[in-house]
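Below you'll find the structure, written out as structure tokens, and then a few comments.
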Amino acid sequence: MDQYLTKTNCINCKRSSTCFTQRIDYCKDFFFLEKAHINFKKGETIIKEGTFVSSIYFVLEGLVKVYLEGPNKNVIIKIIKSNDFLGLTSLFGDNTYYFSATALSDTTICSIDLDVIKRLLSENCKFTQEIVKWYCGNYNLMFTKCFNLGQKQLNGKLASILLYLNEDKFKSENIYSHLTRKDLAELSGMAPESVARILSKFNDDKIIKLKGKKVEILNMELLKSIDKNG
DNA sequence: GCATTAACCACAG
DNA sequence: CTGTGGTTAATGC
């Protein structure tokens with residue numbers, strides 16, 4: 001029976017087997033420190049742009065969309081799933097979040113005090129490496145994003161997002177069942193109508209197969225070339 | 001100018 | 001919320 005909020009340290013945590021703590025050197029101070037596990041229902045806001053940062057989150061379970069809020073529509077930066085950090089980009093800087101995050105499915109996060117993370121960074125090389133790796137991955141993802149939003153035409157924009165959602169890490173997540181067409185639009189930086197139109201065009205051209213909300217890729221080569229060439 | 005592209009709008013399911 | 005069709009504005013040839 002899951003409580004809404006539990007506190008545990010990394011020694012007693014039932015989820016530690018998949019956690020980043022498995023990949024770093026043991027550090028007594030950190031591992032024994034109590035952390036809060038917090039549950040969010042589907043649709044709940046986890047982080048709101050502009051609020052002060054007091055802790056870093058590690059997603060234990062669920063799917064989360066990370067996005068920037070605009071007056072009429074948002075820009076979804078990325079979708080994250082279990083075993084990923086949330087809020088690391090606010091580790092340094094002006095101590096506010098530059099993005100919002102909401103749960104796409106029921107989500108459990110581990111909340112770790114910001115200063116504790118900073119201390120661990122200076123003390124634990126493996127952890128520092130882990131974090132730098134995270135930044136590199138995200139930085140490169142953002143390059144792709146910039147190119148997508150700034151340079152590509154609709155076909156290419158959508159193709160890029162379909163490829164992103166087809167990545168191995170999302171394979172087990174039934175990702176499309178948690179995403180609306182509007183989400184796809186905000187992910188790819190296009191109007192929802194355009195998403196619908198081009199999805200059905202891809203479907204007609206046998207590049208993908210639409211099964212309700214799900215999208216199955218039939219012609220990977222062609223999709224990749226559309227992604228590349230627009 | 002004409003063609004293409006893509007957002008906006010309205011409406012139906 | 002989706003999907004479709006028409007309209008419109010911007011851009012390119």
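Residue numbers start from 1 in every chain, and the chains themselves are labelled A, B, ... in the order their sequence lines are given, proteins ahead of strands.
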Exercise for the section: Look at atom NZ of Lys42(A) and say whether more than 12 heavy atoms of other residues, nucleotides or ligands are closer to it than 6.0 Å. Expected result: yes
Handout entry: chain A contact limits on DNA chain B, taken 5' to 3' with a cut-off of 4.0 angstrom to heavy atoms
Key = dT5(B) to dC9(B)
Exercise for the section: Any salt bridge (Lys or Arg N to Asp or Glu O under 4.0 Å) involving residues 82-102 of chain A? Give me the pairs, sequence neighbours left out, ordered by first then second residue. Expected result: none
Exercise for the section: May I ask you to decide if the ring planes of Tyr26(A) and Phe31(A) are parallel, tilted or perpendicular, using 30° and 60° as cut-offs? Expected result: tilted
Exercise for the section: Could I get the full list of ring pair (Phe, Tyr, Trp, His ring centres under 6.0 Å) partners for Tyr57(A), not counting sequence neighbours? Expected result: none
Handout entry: Qualifying residues under side-chain contact (heavy atoms from CB on, under 4.5 Å), relative to Lys213(A), sequence neighbours excluded
Key = none
Problem - Atom-to-atom span, NZ of Lys73(A) to P of dC1(C) - whole angstrom - result: 15 Å
Practice task
Give, ordered by number, those residues of residues 145-160 of chain A having at least one heavy-atom distance below 4.0 Å to an atom of DNA chain B; if nothing qualifies, reply none.
Solution key: Gln153(A), Leu154(A)
Fill in the blank from the handout: Hits for side-chain contact (heavy atoms from CB on, under 4.5 Å) against Lys201(A), two or more places apart or cross-chain, chain-then-number order -> Asn155(A), Asp205(A)
Exercise for the section: Could you tell me whether Tyr98(A) atom OH has more than 12 heavy atoms of other residues or ligands within 6.0 Å of it? Expected result: no
Problem - Qualifying residue, where the test is side chain to side chain contact (heavy atoms under 4.5 Å, CB included) with Val59(A) and the options are Thr108(A), Ile46(A), Ile109(A) - result: Ile109(A)
Fill in the blank from the handout: In numerical order, the residues of residues 198-211 of chain A whose heavy atoms come under 4.0 Å of DNA chain B are none
Problem - side-chain contact (heavy atoms from CB on, under 4.5 Å) involving Leu33(A) - partner list, sequence neighbours excluded - result: Lys35(A), Val116(A)
Practice task
Enter the inter-axis angle for the ends of the helix from dG1(B)-dC13(C) to dG13(B)-dC1(C) (five pairs per end, rounded to 10°).
Solution key: 0°
Practice task
Salt-bridge test for Asp168(A) and Lys171(A): reply yes if a basic N is under 4.0 Å from a carboxylate O, no otherwise.
Solution key: yes
Problem - Set of ring pair (Phe, Tyr, Trp, His ring centres under 6.0 Å) partners for Phe20(A), sequence neighbours left out - result: Phe58(A), Phe85(A), Phe127(A)
Problem - Length of the NZ-C1' vector between Lys213(A) and dC1(C), whole Å - result: 9 Å
Handout entry: Below 4.0 Å: OP1/OP2 of dG3(C) and any side-chain N or O of Arg181(A)
Key = yes
Handout entry: Phe147(A): side-chain contact (heavy atoms from CB on, under 4.5 Å) partners, not counting sequence neighbours
Key = Gln151(A), Lys152(A)
Practice task
Give the other cluster members for Phe143(A), using side-chain heavy-atom distances under 4.5 Å between Ile, Leu, Val, Met, Phe, Trp and Tyr residues; answer none if it is isolated.
Solution key: Tyr139(A)
